[in-house]
A.B. asks: 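Quick one: the structure is below, and I'll ask about it shortly.
Bear in mind that the values here come from a model prediction, so they are computed numbers and not experimental data. One-based numbering along the sequence shown.
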Amino acid sequence: MSQIESLLAAAGATVGYKPRAQASLFSGLGEALPVGTCVDRTLSNLLAHATLYDHWILAFSGGKDSATVVSIVTTLVQMGHLPRPRSLT
């Protein structure tokens with residue numbers, strides 16, 4: 001269980017995602033990574049790079065990928081795992 005999955009479980013929340021049985025473009029020939037692992041990696045990247053800036057810009061097309069990014073970033077900020085930027089556009 002990943003760190004994010006543990007925190008969500010402790011808060012009584014669940015991650016309603018089942019990994020695909022097919023190979024993922026980003027994971028080579030194996031199954032897709034568990035969603036908690038992906039969120040942990042996203043958080044690590046945001047902490048390493050986005051927190052260097054006071055003003056963040058999220059490109060949002062309205063599709064599933066963009067909605068996921070906005071959802072993950074806002075949830076991580078609300079849960080206190082990611083510092084709130086001065087502004088978010």
Side-chain angles (χ1 to χ4, degrees):
M1 181 178 288
S2 72
Q3 178 185 8
I4 293 298
E5 287 170 320
S6 297
L7 291 168
L8 289 172
T14 58
V15 177
Y17 172 82
K18 294 181 182 175
R20 293 175 276 161
Q22 65 190 28
S24 167
L25 176 65
F26 302 106
S27 65
L29 299 175
E31 289 187 12
L33 294 172
V35 69
T37 301
C38 295
V39 174
D40 286 341
R41 288 183 180 185
T42 300
L43 177 57
S44 294
N45 284 324
L46 286 167
L47 289 170
H49 303 287
T51 56
L52 299 174
Y53 303 94
D54 291 332
H55 307 283
W56 297 357
I57 298 172
L58 294 179
F60 183 72
S61 68
K64 290 182 275 185
D65 293 336
S66 293
T68 300
V69 169
V70 170
S71 177
I72 288 173
V73 169
T74 56
T75 299
L76 290 171
V77 169
Q78 289 172 346
M79 291 178 75
H81 299 292
L82 189 62
R84 185 178 302 271
R86 185 186 237 167
S87 68
L88 180 63
T89 306

A.B. asks: For residues 43-53, which side-chain N or O atoms pair as donor and acceptor with protein atoms under 3.5 Å away, sequence neighbours left out?
C.D. replies:
from  : atom 1 : to    : atom 2 : distance (Å)
Ser44 : OG     : Asp40 : O      : 3.1
Asn45 : ND2    : Arg41 : O      : 3.2
Thr51 : OG1    : Leu47 : O      : 2.5

A.B. asks: Rounded to the nearest 0.5 Å, how far does OG1 of Thr42 lie from CG of Leu82?
C.D. replies: 10.5 Å
A.B. asks: I'd like to check the side-chain hydrogen bond (donor to acceptor under 3.5 Å, both in side chains) partners of His55; sequence neighbours left out, ordered by chain and number.
C.D. replies: Ser87
A.B. asks: If I compare all heavy atoms of Pro83 with all of Trp56, which pair ends up nearest, and what's the gap?
C.D. replies: O-CH2, 3.6 Å
A.B. asks: For Ala67, is there any backbone N or O sitting under 3.5 Å from a side-chain donor or acceptor partner on Ser71?
C.D. replies: no
A.B. asks: Please report the interatomic distance CE(Met79) to OG1(Thr74), rounded to the nearest 0.5 Å.
C.D. replies: 11.5 Å
A.B. asks: Kindly write out the residues that satisfy side-chain hydrogen bond (donor to acceptor under 3.5 Å, both in side chains) with Thr89, not counting sequence neighbours, or none if the list is empty.
C.D. replies: none
A.B. asks: Identify the two heavy atoms, one from Ala59 and one from Ser66, that lie closest to each other, and give their separation to 0.1 Å.
C.D. replies: O-OG, 3.8 Å
